[in-house]
Amino acid sequence: SYVGEFKNGLKEGMGKWRKSKESNSNNYEGQYHLDKKNGYGVFKWASGNIYRGQYLNDERDGIGEMKWTDGSTYIGQWARGIQHGHGKMIFPDGSVKEGFFDHNVYKGPMPTEKIPQIM
């Protein structure tokens, strides 16, 4: 179900979406444009995973933070729904991988002059 703003019959502006009436179902609260998640939003999965950050055309895109129920956290750049660009992955044991991520795969540190100011 959706509660929020519409324009010309499409989700537009701020809104809240929930997959079902169950309290633990997938849900999103944030900005919409032309019926798609666009801008800042928070998506919570029924599993307990949470993403807070930017969206473009219904996909995580821009700067965002993903927290998994196993205790892992990724903070950084996203492109078309995947970790891509500069980011920091913090694992449940406290270990950290910071640098360049290429299609969800950590590739290593980034040269200091190429690190965007996101964190």
Side-chain angles (χ1 to χ4, degrees):
S1 66
Y2 174 78
V3 175
E5 300 173 31
F6 286 92
K7 184 176 180 181
N8 298 323
L10 302 174
K11 298 175 196 131
E12 186 73 29
M14 292 301 295
K16 295 179 183 180
W17 168 87
R18 182 173 294 283
K19 184 174 182 177
S20 71
K21 291 181 181 181
E22 296 177 29
S23 62
N24 70 337
S25 69
N26 292 353
N27 65 85
Y28 170 80
E29 183 171 349
Q31 297 171 311
Y32 285 88
H33 179 63
L34 298 175
D35 220 37
K36 295 182 179 181
K37 294 183 286 291
N38 271 285
Y40 181 82
V42 178
F43 194 101
K44 296 178 182 178
W45 283 263
S47 65
N49 296 337
I50 300 173
Y51 172 79
R52 290 179 176 87
Q54 296 173 320
Y55 280 88
L56 180 64
N57 294 322
D58 257 354
E59 295 185 307
R60 292 168 280 185
D61 199 294
I63 306 302
E65 175 185 72
M66 180 78 184
K67 292 187 175 199
W68 288 270
T69 56
D70 71 357
S72 299
T73 300
Y74 173 81
I75 304 165
Q77 295 177 306
W78 295 78
R80 297 186 193 107
I82 59 173
Q83 301 160 11
H84 191 78
H86 181 253
K88 181 191 297 186
M89 187 75 180
I90 305 165
F91 296 93
D93 66 3
S95 62
V96 175
K97 288 186 178 180
E98 183 171 1
F100 183 68
F101 287 77
D102 183 10
H103 295 88
N104 285 339
V105 178
Y106 176 71
K107 295 294 185 172
M110 288 182 80
T112 306
E113 69 274 6
K114 292 188 177 184
I115 297 175
Q117 297 300 313
I118 60 171
M119 296 178 221

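Hydrogens, waters and symmetry mates are skipped; everything else that's a heavy atom, side chains included, is used.
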Using every non-hydrogen atom in the two residues, find where [X] and [Y] come nearest and quote the distance to one decimal.
X: Asn26; Y: Ala46; result: OD1-N, 2.8 Å
X: Lys44; Y: Ile50; result: CG-CG1, 3.9 Å
X: Pro92; Y: Gly71; result: CG-C, 4.0 Å
X: Thr69; Y: Asn49; result: N-OD1, 2.9 Å

Assess the pair Phe101 and His86: is the distance between their ring centroids shorter than 6.0 Å? no
Quick one: pull up [atom1] in [X] and [atom2] in [Y] and give me the separation to the nearest 0.5 Å.
X: Lys11; Y: Lys16; atom1: NZ; atom2: NZ; result: 15.0 Å
X: Gln54; Y: Arg60; atom1: CD; atom2: CZ; result: 13.5 Å
X: Glu22; Y: Asn27; atom1: CD; atom2: CG; result: 12.0 Å
X: Lys37; Y: Leu56; atom1: NZ; atom2: CG; result: 12.0 Å
X: Asp35; Y: Asn57; atom1: CG; atom2: CG; result: 11.5 Å

TODO: Kindly assign one of parallel, tilted or perpendicular to the pair Tyr28 and Phe43, based on the angle between their ring planes and the thresholds 30° and 60°.
DONE: tilted
Could you go through Tyr55 and Tyr32, starting from their C-alpha distance and side-chain angles, then the distance that decides it, and tell me whether this counts as ring-ring contact (aromatic ring centres under 6.0 Å, His included)? CA-CA 9 Å; Tyr55 280 88; Tyr32 285 88; 9.0 Å; no
Tell me whether Asp93 at atom CG has more than 12 heavy atoms from other residues, nucleotides or ligands lying less than 6.0 Å away.
yes
Linking I/L/V/M/F/W/Y whenever any side-chain heavy atoms sit under 4.5 Å apart, do [X] and [Y] land together?
X: Tyr2; Y: Val42; value: no
X: Trp68; Y: Phe91; value: yes
X: Trp17; Y: Tyr40; value: no

Is there side-chain contact between Gln83 and Tyr106, with heavy atoms separated by less than 4.5 Å? no
Q: Evaluate the side-chain proximity of Asn38 to Gln31: yes if any heavy-atom separation is below 4.5 Å, no if none is.
A: no
request  = Determine whether the side chains of Gln77 and His84 contain a donor N or O and an acceptor N or O closer than 3.5 Å.
outcome  = no
Requested in this report: Using the ring of Tyr74 (Phe, Tyr or Trp, six-membered ring only), decide whether Lys88 places NZ or CZ under 6.0 Å from its centre and within 45 degrees of its axis.
Outcome: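 Ring-cation test returns no.
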Quiz prompt | Residue of the set Asp61, Asn104, Asp102 for which side-chain contact (heavy atoms from CB on, under 4.5 Å) holds with Ile82 | solution =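 One option only clears the test, and that one is Asn104.
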>> Taking side-chain contact (heavy atoms from CB on, under 4.5 Å) as the criterion, tell me which of Lys67, Met89, Met66 meets it with Thr73.
In response: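 Among Lys67, Met89, Met66, the one meeting side-chain contact (heavy atoms from CB on, under 4.5 Å) with Thr73 is Lys67.
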